[in-house]
Amino acid sequence: MASPLSRENGAPGGENKDAEQPRIVIGLDTSFVARETLALAARLAASVDARLKGVFVEDDNLIALASLPFAREISFSGDVRALDPERMLRAMKAQAESARRMLARIAAEAHVDWSFDVRRGRPLASLAAGASRDDTLVIRAPGETAREVGRAVRAATHETHADVLLVSRGAGLRSSLPPRIAVPARTPLQQVLPGRPIAVVDEGSSAAEGCCAFARTLASRLGTGFMRLPAKGVGPADIAAEARRSGAGLLVVNAAWLGGDEDAAHLSAAAGCPVLLLGKERAPLLEPEDNNKGG
């Protein structure tokens with residue numbers, strides 16, 4: 001459910017432009033890790049010509065908890081008082097506004113268009129329910145179990161056929177994708193600082209070939225290395241170990257290759273880097289030099 005705080009910002013055209021472009025959709029809060037994840041999402045949006053959409057979810061569970069007569073909160077000073085649903089909602093709205101300002105600042109630094117929405121519900125479920133086929137959902141859920149994360153990933157990738165960028169604890173956000181640096185306006189594609197390589201899981205299928213082509217061009221756009229990780233006869237644990245050993249900054253995977261719901265969360269945590277799960281077969285991104293061709 002959208003809230004009155006929902007808004008479209010950052011580019012002429014508002015909702016129409018938001019519908020025309022691919023979107024990187026990220027659930028927001030005001031924590032330090034959320035800022036790091038948002039910066040990563042903004043770099044990815046800039047690299048794949050996508051719009052950045054931030055979603056703040058007013059958690060139904062917290063609001064329901066605040067309504068219970070025995071619920072109490074403890075302040076930093078040690079004071080104990082009854083939870084007040086209205087006070088909690090005001091605090092959530094203040095957090096949402098802080099998240100919106102954070103989104104605006106980081107999107108401006110990355111030179112990407114952006115929009116912002118406030119919803120009511122469960123954070124992971126709300127994010128997955130609002131996904132479309134052309135979206136990439138950024139999932140960072142430190143308080144959720146691997147099974148809950150896996151269910152959201154499966155709903156997005158298998159039912160909607162959206163992509164998911166999964167960021168688990170210890171995923172090495174700061175050095176995963178290199179930031180862009182300013183270049184003259186005539187340069188067809190902004191250059192980037194060298195960073196950790198992009199690795200792709202190659203299990204030998206046609207879908208894997210599409211993943212490889214997509215990942216190779218993404219690495220070219222970012223100015224970083226590219227490597228294939230052969231997956232015939234090996235499982236997610238082996239791939240995660242090889243990605244960590246190779247110092248991968250991003251692991252690209254065909255989502256259909258994963259088995260159980262918990263595999264995605266375990267893969268991201270064990271690989272030491274974010275995992276981009278492609279929910280549909282992808283054509284390669286345009287190579288940098290192709291972006292400057294006419295006709």
Step by step, would you call Val25 with Leu52 a side-chain contact (heavy atoms from CB on, under 4.5 Å)? CA-CA 6 Å; Val25 183; Leu52 188 61; over 6 Å; no
Reported CD-to-CD distance for the pair Glu209 and Glu203, which is rounded to 0.5 angstrom: 9.5 Å
Rounded to the nearest 0.5 angstrom, the CZ-OG distance for Phe56 and Ser98 is 9.0 Å
I need the Arg23 CZ to Asp163 CG distance, nearest 0.5 Å. 13.0 Å
Could Arg119 and Asp117 be called an ion pair, given the rule that one side-chain N must be under 4.0 Å from one carboxylate O? yes
Heavy-atom pair with the smallest gap, counting every atom of Ala46 and Ala110: CB-O, 3.8 Å
Could you tell me whether the side chain of Leu258 reaches within less than 4.5 Å of the side chain of Leu267, counting heavy atoms only? yes
Heavy-atom check, side chain of Pro22 versus side chain of Arg51, under 4.5 Å: no
Please report the C-alpha distance between Ser47 and Leu218 in whole Å, then the side-chain angles of each, then the deciding distance to 0.1 Å, and finally whether the side-chain contact (heavy atoms from CB on, under 4.5 Å) criterion is met. CA-CA 7 Å; Ser47 301; Leu218 178 59; 3.8 Å; yes
Asp202 side chain reached by Lys232 side chain, heavy atoms, under 4.5 Å: no
Taking only residues two or more places apart in sequence, or in another chain, which ones meet Arg147 in a side chain to side chain contact (heavy atoms under 4.5 Å, CB included)? Thr145, Arg151, Glu262
Between the main-chain N or O of Ala270 and the side-chain N or O of Arg244, is there a donor-acceptor pair closer than 3.5 Å? yes
Using 4.0 Å as the upper bound for N to carboxylate O, is an ion pair formed by Arg221 and Asp49? yes
For Phe116 and Leu28, run side-chain contact (heavy atoms from CB on, under 4.5 Å): C-alpha distance rounded to whole Å, both residues' side-chain angles, the deciding distance at 0.1 Å, then the answer. CA-CA 10 Å; Phe116 181 73; Leu28 293 176; 4.0 Å; yes
Atom of Val252, atom of Ala215 and distance for their closest heavy-atom approach: CG2-CB, 3.9 Å
Any non-hydrogen side-chain atom of Val167 less than 4.5 Å from a side-chain atom of Leu40? yes
Quick one, Ser246 and Glu242 - any side-chain contact, counting heavy atoms below 4.5 Å? yes
Can you check whether Leu166 reaches Pro274 side chain to side chain, under 4.5 Å on heavy atoms? no
Under 3.5 Å, is there a donor-acceptor pair between the side chain of Thr224 and the main chain of Ser220? no
Please give me the minimum heavy-atom distance between Ala50 and Ile24, naming the atom from each residue. CB-CG1, 3.8 Å
Leu276 and Leu250, any side-chain heavy atoms less than 4.5 Å apart: yes
How far apart are the C-alpha atoms of Arg140 and Asp29, what are their side-chain angles, what is the distance that settles it, and do they pass the salt bridge (Lys or Arg N to Asp or Glu O under 4.0 Å) test? CA-CA 10 Å; Arg140 182 197 63 82; Asp29 57 45; 2.6 Å; yes
Identify the heavy atoms of Ser268 and Val275 that sit nearest to each other, and give their distance. CA-CG2, 3.6 Å
Is there a salt bridge (Lys or Arg N to Asp or Glu O under 4.0 Å) between Glu97 and Lys93? Walk through the geometry before answering. CA-CA 6 Å; Glu97 179 57 25; Lys93 291 187 186 305; over 6 Å; no
Which distance, rounded to the nearest 0.5 Å, do you find between the OG1 of Thr136 and the CG of Leu44? 6.5 Å
Between Gly204 and Ala208, which heavy-atom pair has the shortest distance, and what is it? N-CB, 4.1 Å
Report yes if some heavy atom in the side chain of Cys211 is under 4.5 Å from a heavy atom in the side chain of Val200; otherwise report no. yes
At what distance, to the nearest 0.5 angstrom, does CE of Met227 lie from CZ of Arg216? 13.0 Å
Just do the side-chain contact (heavy atoms from CB on, under 4.5 Å) check on Ile26 and Thr37 with the steps written out, would you? CA-CA 9 Å; Ile26 179 170; Thr37 307; 3.9 Å; yes
Begin with the C-alpha distance, continue with both residues' side-chain angles, and end with the deciding distance and a verdict on salt bridge (Lys or Arg N to Asp or Glu O under 4.0 Å) for Asp135 and Lys53. CA-CA 10 Å; Asp135 289 344; Lys53 183 176 183 69; over 6 Å; no
On a heavy-atom basis, the closest approach of Glu148 and Leu124 is O-CD1, 3.9 Å
So, taking the atom named CD1 in Ile239 and the one named CG in Leu229, what distance separates them when rounded to the nearest 0.5 Å? 5.0 Å
Does the salt bridge (Lys or Arg N to Asp or Glu O under 4.0 Å) test come out yes or no for Arg133 and Glu159, once each step is laid out? CA-CA 9 Å; Arg133 182 181 176 87; Glu159 297 171 18; over 6 Å; no
